[in-house]
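Heads up, the thing below is written out as structure tokens.
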Amino acid sequence: MIKTGAQHIETLRDGRQVHINGQAAGDVTVHQAFRRTIRSVGALYDFQARPDNRELMTFEVPEGGGRRANRIWQLPRSHAELVERRRALEAWTELHYGFLGRAPDHVASCISGMFMGIEVFEAYDKARAGALSEYYRFARDNELYLTYAILNPQADRSKPASEQQDRFLTAGVVDQDAGGLTIRGAKMLATGGIMANEVLITCIQPLREGDEPYAVSFAVPMNAGGLKILSRKSYEESAVSVFDNPLASRFDENDAVLYFDDVKVPWDRVFINQDIAMCQRQFHATPAHVFQNYQAQIRLMVKMRFLTGIARRIAETNGVIGFPQVREALGQLAAQNAMVDALVHAMEVKGRMRGAYFVPDAHTLYSAQVLTQQLYCEVITALRELAGGGLIMVPSSAHDFADPHLRGLIDKTQQSPVTSSEGRVKFFKLAWDAVGSEFASRHTQYEMFYAGASFVTKGHSFRTFDWDRCTQLVDHMLDSYSLDDGAGRGALDAA
């Protein structure tokens, strides 16, 4: 059976220790800080469970028996299968307009990428490889929503994890025995963790000699004994209403710091144990890093379409769609939108076989990350410039419409050539939530840094680019002439 929204929501009533506003949250599915976003996640599972979406959203598990699973767990064996999987991810993303950065398809892509490179784990440790293989199948067959926390607390960034004032500021191994590892310390940033089933804990940042206790990779349920989830401020909880904050009220996936208070991790959930080199290899020697970030670019592609649609609607609502300078601005946004779309398709077209699996082209992916990190702020600025004061010249809340006198004033002051006063206010409330609200500001920060600082993404672009192809052209040119050809006389002149 394919999981439904109600079934997923029920799995979150598991006693997880979420803390917000100085209190334990209790049942997160009814808490005002999380309940609407959890229902939005539930809608993803309801969408996949619809009979008419069976082929779009699911695939037949290779082990046979006619069992099917969500395509987020599909391991493409051809370009056609990669495209099939992308279409499923695209359809899911359209349900949240790209605003759930850690929807279930992200970390599923990471684990799937690790599994596609299982030989890397087998060369490291066959027992850990076996644990990862079994976990991939377990997560796939039970439709787990996974998140991850793969960064260390910032603290004193001039020092490695092992030299921080508190040795267990960063989550690391306190002890190990026949039963598994005992973990103590913190990890960030468990985006989406409050509505996920389990979390992958590891480190994507470079570690130094002496940091071995923090060089681990494992998965635990979000209700693991001793795991504390420290939520940031909830934008959903702060939203006045769905009308006033249509995005923040329903798509605030939340971010959280996780603190492991001597959490026991059994060996069948441990994939790397205190090995610095392997922590990097799990991402970059397997398809994991490419596969997970390919998913992120699919999400951003959909989000760009949404933001470009907002830009067009701003121009229509304000009656300026015919202005040459407005068409110029919209043309620029349309070109940027097409660039992101084209890069996603190019990753697929330029993909290649890696063993039995077809994976997207790495350098095209990293090029997209470099460019879109810069692009997102440009797009947000363009929308602000198009909207002007319209983004903030709106009634305080939906309650203003309930007063007949205020409603009359709203009708007079909120005019548009294409919609009613209510329609104008409704649209600009949406535009503000996408561009200028606290929720929107968090998304700008997220899109700038979810893939790492700009020097990180540019470093990935540098290491995966085909430099030889370029420098060979330079060498060919240099080889075509010499000092002996004389001033002004090249090889063609001599011929």
Quick note, ring-ring contact (aromatic ring centres under 6.0 Å, His included) partners involving residues 307-333, not counting sequence neighbours, are none
- Item | Cationic tip of K303 above Y97 ring, under 6.0 Å, 45° of axis | no
Do Y148 and H106 have ring centroids that are under 6.0 Å from one another? yes
- Message: Tell me whether R299 forms a cation-pi arrangement with Y294, defined as NZ or CZ under 6.0 Å from the six-membered ring centre and within 45 degrees of its axis.
- Response: no
Rounded to the nearest 0.5 angstrom, the CG-CD distance for L189 and Q154 is 9.5 Å
With R442 as partner, the option from E447, E236, E253 fulfilling salt bridge (Lys or Arg N to Asp or Glu O under 4.0 Å) is E253
Could you go through residues 377-396 and list every donor-acceptor pair under 3.5 Å that involves a side-chain atom there, pairing it with any protein atom two or more places apart or in another chain?
residue: E378; atom: OE1; partner: Q336; partner atom: NE2; Å: 3.2
residue: T381; atom: OG1; partner: C377; partner atom: O; Å: 3.0
residue: S396; atom: OG; partner: D400; partner atom: OD1; Å: 3.4
residue: S396; atom: OG; partner: D400; partner atom: OD2; Å: 2.7

For residues 313-322, the salt bridge (Lys or Arg N to Asp or Glu O under 4.0 Å) pairs (sequence neighbours left out) are R312-E316, R313-E316
So the salt bridge (Lys or Arg N to Asp or Glu O under 4.0 Å) pairs with at least one residue in residues 15-32 (sequence neighbours excluded) are R13-D27, D14-R16
Contacts of H460 meeting ring-ring contact (aromatic ring centres under 6.0 Å, His included) (sequence neighbours excluded), chain-then-number -> H284, H289, Y366
Value for OH (Y259) from CG (L230), rounded to nearest 0.5 Å, stands at 10.0 Å
For residues 150-172, the ring-ring contact (aromatic ring centres under 6.0 Å, His included) pairs (sequence neighbours left out) are none
